Amino acid sequence: MVEVKQLTGVETIATLFARAREQNRAAFLPYFPIGYPTYETSLDAIQAMAEAGVDGFEIGVPFSDPLADGPTIQAATQIALENGVTVRKCLDAIQTLRGRGVTQPMLLMSYLNPLLAYGVDRFVLDAKAVGADGLIVPDLPPEEAALVADACAREGLALVFFLAPTSSDERITLVNRYATGFIYVVSLTGVTGARTELPPDLREFITRVRAKADKPLVLGFGISTPEQASSMNGLVDGFIVGSALVKAGREGVDAVRELAARLRRALD
Amino acid sequence: MMAYIQTDTTSVPDARGYYGEFGGRFVPETLIPALDELTAAYHEAMNDPAFQQRLADLQATYTGRPTPITYAKRLSEHLGGAQIYLKREDLAHTGAHKINNALGQALLAQRMGKQRVVAETGAGQHGVASATASALLGLDCHVYMGTVDIARQQPNVFRMKLLGAEVIPVESGSKTLKDAINEAIRDWVTNVRETFYLLGSALGPHPYPMMVRDFQSVIGVEARRQIVELAGRLPDACIACVGGGSNAIGLFHAFRDDERVDLIGVEAGGHGIDGGEHAARFADPDIGRPGVLHGTRSFVMQDTDGQIVNTHSVSAGLDYASVGPEHAYLRAQERAYYTYATDEEALAAFQTLCRLEGIIPALESSHAVAEVIKRAPHMPKDSIILVNLSGRGDKDLDTVMRELKLNG
């Protein structure tokens, strides 16, 4: 049974950042795709990370043509599709995880076409019903967002938009106006995947975004190590790790739990 | 003097890149500023007489434009109906219409100060055209190509390498054009500041469908003038094959306001519609539905869950899961009509054109010829079909030899 939520998705996500801020640290939001390496293992991995004290989740819906993703997530989501994962099964996964006591905010990350095929309005309603808090759509810029944004606003789900190092000051203002929940700040020009070093001009870029945006900033792309994680404190409101956790997922749930715990501890 | 390429001659796309409900820009944020920059640079270039003149000169002295139209006398007699005229894009330098767009975009890359060019290719014709234009202008060219396509288009792979381009094999997904586009976009996202993405068909995010159409519109502008000179009037039908749809939109564009001219696009019917092994986006409502792929909203071949399905065609250039958004629009407007030809019909048309006209067509263009073969006998003898022979078939000889052996 799903508990009746008192707060909307947007409000739930706001409390996540408030708590991290009280503790003077950045929030840690891992990404993990449903269905990798198997459906069951992906649920166990997410549950293990929840128990390790992460602050929230990006739950990956697999897509055949993930053009913002690097080789690690491409390969993982391809396997998830071969394992028969559908949009519906991703929604079921969230319901199951809520049933197992996962309380952290969960945002679904999906490319647009699977949402269109499912029906955007129906998807948003069902996402809310299973206990999701928001939606991240990497190929949906604010200019094209009306359809999805209206449905999310009606149901109180967050709709996250992206900023990249190439975004102009005008676009920072635009994205800040549209984004609910937080702004996903892409650390570099590129696709997802672990990098040994973050770009040297990252601090400058974040300062430029801060000057125009008042929504929480969550940094993603390229972050994989505890050292990189601890450097997020004071820089951004939160950060996402994906590919490194997916790689750990190859070895099993324990490896995911361990890496998530190390990344989380690095923030204290 | 009239500009070489006329822009803004139609109401579509609108400022947001929409053709009715199709088109738009569905790409990661990183690319949006690059697309804005490209759109601005494109409009500026087209309004610069020096740029237009440079393109016109290259098209005349390098590509060999205007390409002729050929009256296909023996084919017309053989079919016993409509008189058939071939627009000979196969005679353009590099052997296909792709050079029209590659030259235009490469000149634009140079003007924007982007030294590095990435491109995708299916049949290899756009890759060869991009490599050629890059060699001509001194740009560094990197071409993504699926390994399935590399295997079936070896001569073009070798051509690209001779022309100094790097050919990067793509192993992901179906290892064909769709996946080559994914990789080219990923490269562009990564190297966006110094890289120009030279997209080969009338698809992708705005402004690409518009820009590619405009650069290819020279096909229809020439053909419209030529058919009037040669046959004394406009054709009754224009026929072209449609993969992404750049040769078709290039032909159709000049005839759009000629309401009595039927515009007919021919998709790849592969092994037939029933088994789902085809690339006929408009012909199979079970899997061809509106959706978003590669940055644009159009008809997309997908399963019920919105996953893009694998396509099949004997011709690599038509083997693609989506179609340019303007074709979806022209179809919705009922201005253009779309049909398909199977692998078998295309191979038969290929041989017919070889034997009756002494022209070896590309397998892509053979799909258009297949529709001519079906349609012409039912048309009166004084009617006229103009078919776009979008490319030459030298690149397909291995495939055709293999297929004909298989089919006895």
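Here is how names work: the chains are called A, B, and so on, in the same order as the sequence lines, proteins then strands, and each is numbered from 1. For clarity, every value in this text was computed on a predicted model and none was experimentally measured.
- When all heavy atoms are compared, the tightest approach of A:T86 to B:D305 is CA-OD2, 3.1 Å.
- Scanning all heavy atoms of the two residues, the minimum distance from B:K178 to A:S64 falls at NZ-O, 4.4 Å.
- Between chain B and the options A:A117, A:P71, A:S168, heavy-atom pairs under 4.5 Å are most frequent for A:A117.
- Inter-residue side-chain proximity for A:F63 and B:I308 is flagged as met; some heavy-atom pair is nearer than 4.5 Å.
- Top candidate by heavy-atom pairs under 4.5 Å with chain B, chosen from A:V175, A:D65, A:L188, is A:D65.
- Applying the side-chain hydrogen bond (donor to acceptor under 3.5 Å, both in side chains) rule to B:S313 yields the partners B:S315; only residues at least two apart in sequence or on another chain are considered.
- At a heavy-atom separation below 4.5 angstrom, chain B is approached by A:P138, A:D139, A:L140, A:P141, A:P142, A:E143, A:E144 within residues 137-145 of chain A.
- By the 4.5 Å heavy-atom criterion applied to side chains, B:E29 and A:V186 are not counted as neighbours.
- Rounded to the nearest 0.5 angstrom, A:L116 CG and B:F26 CZ are separated by 7.5 Å.
- Your options are A:P165, A:P66, A:G70, and the one with the most heavy-atom pairs under 4.5 Å with chain B is A:P66.
- The CG atom of A:L112 lies 11.0 Å from the CG atom of B:L293; values are rounded to the nearest 0.5 Å.
- The two residues B:G306 and A:N113 have their closest heavy-atom pair at O-ND2, 2.9 Å.
- Interface with chain A: from residues 179-195 of chain B, residues B:D179, B:N182, B:E183, B:I185, B:R186, B:V189, B:T190, B:V192, B:R193 qualify, criterion being any non-hydrogen pair under 4.5 Å.
- Across all non-hydrogen atoms, the minimal contact from B:P28 to A:A68 is CG-CB, 4.0 Å.
- Residue B:S174: no heavy atom, backbone or side chain, is found under 4.5 Å from chain A.
- A:L115 does not touch chain B: none of its heavy atoms, backbone or side chain, sits under 4.5 Å away.
- B:T30 contributes atom OG1, which lies 6.5 Å from atom CZ of A:F221 (distance to the nearest 0.5 angstrom).
- Identified by a heavy-atom distance below 4.5 Å to chain B, the contributing residues of residues 189-209 of chain A are A:T189, A:G190, A:V191, in residue-number order.
- Proximity to chain A (any heavy atom under 4.5 Å) is restricted, for B:Q302, to the side chain, taken from C-beta onward.
- Contact of B:S172 with chain A is made through the side chain alone, with heavy-atom distances under 4.5 Å.
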